[in-house]
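All chains are named by letter (A, B, ...) in the order of the sequence lines, taking the proteins before the strands, and each is independently numbered beginning at 1.
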There are 2 protein chains.
Amino acid sequence: MALDRAQVVDAAWHILQTYGLGDLSMRRLARELGVQPGALYWHVANKQELLAVLAQRMVGPLETSSIRPAGAAGDDAAALLLVARFRSLVLAVRDGADVVSVAHALDPLGMQPVPLLVTALTSQGRSPENAETVALTLTRFTLGSVTAQQTRESMELPTATMREEFEAGVRAILA
Amino acid sequence: MALDRAQVVDAAWHILQTYGLGDLSMRRLARELGVQPGALYWHVANKQELLAVLAQRMVGPLETSSIRPAGAAGDDAAALLLVARFRSLVLAVRDGADVVSVAHALDPLGMQPVPLLVTALTSQGRSPENAETVALTLTRFTLGSVTAQQTRESMELPTATMREEFEAGVRAILA
DNA sequence: ACCTGAACACCGTTCAAGT
DNA sequence: ACCTGAACACCGTTCAAGT
C-alpha cells in the first residue's frame with residue numbers, strides 16, 4: 001500500500017481548499033500523509049509541478065457540460081457563461097487565482113478558459129484575431145478580479161460589490 | 001547614526017528591483033543593513049506594511065506630470081496614456097504586479113491608477129458609475145496581464161506578444 | 001530610543017542509505 | 001521501487017535583556 005501520485009495530489013487539493021496556499025507546504029503535506037518530506041519527491045518533481053496539477057483540476061469542469069446556449073448570431077451569451085463559470089470555479093478554492101494565474105502564464109493559449117472562449121467567440125462571427133484578443137482579455141481581467149477578491153477574503157474585508165464589478169467589466173469587454 | 005525607516009524602505013526597494021520578491025526577506029534585508037532581523041520591527045510593523053509602502057512608491061510617479069493630452073471630447077487618450085504608464089511602472093519592478101495587486105485589493109478605489117482614471121474618464125463625458133467600472137476593469141486587467149508577463153519573465157519564457165495583447169485589451173475595454 | 005541575542009515554529013529540496 | 005534520516009540553506013516574528 002505504498003503512496004502514489006494520486007494520493008499526493010488529492011491530499012494537496014484538500015489542504016488547498018480547506019486552508020489555502022499559505023498552508024500548502026511540502027512538509028505539511030508529508031505530515032498529513034504520514035511520510036517524510038523527501039518521500040514526496042519520488043511522486044512529484046517539485047512544488048511547482050504539484051500546483052500546476054491543482055490548477056488543471058480547478059478548471060477541469062469547464063471542458064465537460066458545455067451547454068451551448070442557443071443564442072442568436074452575434075450574441076455573446078456562450079462566452080459570458082463560460083467566463084462566469086471560470087470565475088466561480090477559481091473563486092471556490094482558497095487562493096485559487098494565485099494558482100491558476102501561474103498556469104495561465106505558462107501556457108496562455110492552451111490553459112482554460114482561453115481555448116473554449118476562442119471557440120465560442122469565433123462561432124459567433126468574430127475573426128480569429130479578435131476572438132483571441134477578447135479571450136485573453138477576459139481571462140486576465142477575471143484573474144485580476146478574483147486575485148483582488150481572494151486577497152480581501154483572506155483579510156476578512158468586505159467583498160459585496162465585487163461580483164457586480166466583475167460582471168460590469170465583462171460586459172464592457174464584450175461590448 | 002541609528003537606522004531609520006527611510007533606510008529600511010530604500011534597502012527593501014533596492015532588493016525588490018534588483019532580485020525580486022523571492023529575495024526580499026526580512027532576514028536578507030537585515031543582513032544588507034548590518035542589523036539583526038528583530039531590529040527591523042522597530043521601524044516597520046511587519047513585512048506586509050513594508051510591501052504596501054513599496055507599492056505606493058511604484059505608482060507614485062503617476063500623480064505628478066499628468067500631461068493632459070488635448071484630445072477631443074469623447075476621446076479616451078488620457079485614460080489610455082494613464083494605463084500605459086501604470087503598466088510600465090509596475091512592469092519595471094521585478095514581481096511588481098504581485099506587490100501592487102495586494103495594495104489594490106486593500107483599497108480598490110483609493111490606490112492609483114483608479115482615482116486618476118476616474119477623473120480622466122468622467123471629464124470625457126462618462127457617468128461616474130461607468131467611469132468607475134471602466135477604471136476598475138482597466139486596472140484589474142492590467143494587473144492580470146503584468147502578473148502573467150512577470151511570471152513568464154521569471155522563468156525566462158518569451159513575452160514578445162504580450163505588449164500588443166495588453167494594448168488590444170485596453171482598446172476593447174475602452175471601445 | 002533603539003538594538004542584540006536567542007528562541008519559536010516553520011520552509012523547499014537533496015541524497016546517501018536502508019528495505 | 002519506494003522511503004527514511006539527516007542535512008543544507010533558509011523563513012517571519014517576538015521579546016527579555018542590554019546600551
Side-chain angles (χ1 to χ4, degrees), chain A residues 1-55 94-95 98-103 105-106 150-151 154-156, chain B residues 1-55 94-95 98-103 105-106 150-151 154-156:
Chain A
M1 55 156 290
L3 193 65
D4 68 352
R5 189 179 159 100
Q7 281 175 79
V8 173
V9 173
D10 285 350
W13 177 251
H14 178 252
I15 293 173
L16 184 65
Q17 280 207 292
T18 313
Y19 306 102
L21 200 54
D23 283 292
L24 178 47
S25 67
M26 297 300 272
R27 285 173 178 275
R28 164 84 179 263
L29 183 53
R31 212 184 312 131
E32 217 100 325
L33 289 163
V35 296
Q36 295 298 314
L40 299 176
Y41 292 84
W42 185 262
H43 302 285
V44 294
N46 48 42
K47 188 175 180 178
Q48 193 182 251
E49 193 203 61
L50 186 56
L51 293 177
V53 173
L54 296 177
R94 289 213 203 178
D95 306 309
D98 288 344
V99 177
V100 172
S101 288
V102 176
L106 292 179
Q150 291 182 325
T151 298
S154 75
M155 290 160 163
E156 307 189 73
Chain B
M1 56 157 284
L3 194 64
D4 69 353
R5 189 179 159 98
Q7 282 175 76
V8 172
V9 173
D10 285 349
W13 176 251
H14 178 252
I15 293 173
L16 183 66
Q17 280 206 293
T18 315
Y19 305 103
L21 200 54
D23 283 291
L24 178 48
S25 68
M26 297 301 273
R27 286 172 177 276
R28 164 85 179 263
L29 182 53
R31 212 185 310 130
E32 217 99 327
L33 288 163
V35 296
Q36 294 298 312
L40 299 177
Y41 292 85
W42 185 264
H43 301 283
V44 295
N46 49 42
K47 187 174 179 178
Q48 192 182 249
E49 193 203 60
L50 185 57
L51 293 177
V53 173
L54 296 177
R94 289 213 202 177
D95 306 309
D98 288 344
V99 177
V100 172
S101 289
V102 175
L106 292 180
Q150 290 182 327
T151 299
S154 75
M155 289 161 163
E156 306 189 76

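Annotation: proximity of residues 33-42 of chain B to DNA chain C (heavy atom, distance under 4.0 Å) is found for B:V35, B:Q36, B:G38, B:A39, B:W42, numbered in ascending order. Contacts of residues 2-24 of chain A with DNA chain D (heavy atom under 4.0 Å): A:A2, A:L3.
Residues that satisfy the salt bridge (charged side-chain N to carboxylate O under 4.0 Å, His left out) test with A:R94, not counting sequence neighbours, are absent from this structure. In this structure, the side-chain contact (heavy atoms from CB on, under 4.5 Å) partners of B:R31, at least two apart in sequence or on a different chain, are B:R28. Annotation: salt bridge (charged side-chain N to carboxylate O under 4.0 Å, His left out) contacts of A:D4 (sequence neighbours excluded): none. For A:S154, the side-chain contact (heavy atoms from CB on, under 4.5 Å) test picks out no residue, with sequence neighbours left out.
For the OP1/OP2 pair of D:dC3 and a distance below 4.0 Å, the side-chain nitrogens and oxygens of A:H43 include at least one atom meeting the criterion.
Applying the side chain to side chain donor-acceptor pair (under 3.5 Å) test to every pair with at least one member in residues 40-52 of chain B, sequence neighbours left out, gives these pairs: B:R5-B:E49. Applying the salt bridge (Lys or Arg N to Asp or Glu O under 4.0 Å) test to every pair with at least one member in residues 11-21 of chain A, sequence neighbours left out, gives no pairs at all.
Contact annotation: the side chain of A:V35 approaches that of A:L3 to within less than 4.5 Å [non-hydrogen atoms, C-beta and beyond]. Taking 4.5 Å as the limit, some side-chain heavy atom of B:L24 sits within range of a side-chain heavy atom of B:L54.
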N/O contacts under 3.5 Å, protein versus nucleotides 7-9 of chain C?
residue, atom, partner, partner atom, Å
C:dA7, N6, B:R27, NH2, 3.3

Look for any protein N or O under 3.5 Å of an N or O in nucleotides 16-19 of chain D and output each such pair with its distance, or none.
none

Which atom pairs, one a donor and one an acceptor, fall under 3.5 Å between side chains of residues 9-18 of chain B and the rest of the protein, sequence neighbours left out?
residue, atom, partner, partner atom, Å
B:D10, OD1, B:R57, NH1, 3.0
B:D10, OD1, B:R57, NH2, 3.1
B:W13, NE1, B:Q17, OE1, 3.3
B:T18, OG1, B:H14, O, 2.6

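The strand DNA chain C forms stems, runs of 3 or more Watson-Crick or G-U wobble pairs with distances below 3.5 Å, at C:4-8 with D:12-16, C:12-16 with D:4-8.
Atom name P, nucleotides C:dA9 and D:dC10: the rounded distance is 23 Å, in whole Å.
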Working for side chain to side chain contact (heavy atoms under 4.5 Å, CB included), residues A:M26 and A:L50: CA-CA 10 Å; A:M26 297 300 272; A:L50 186 56; 4.2 Å; yes

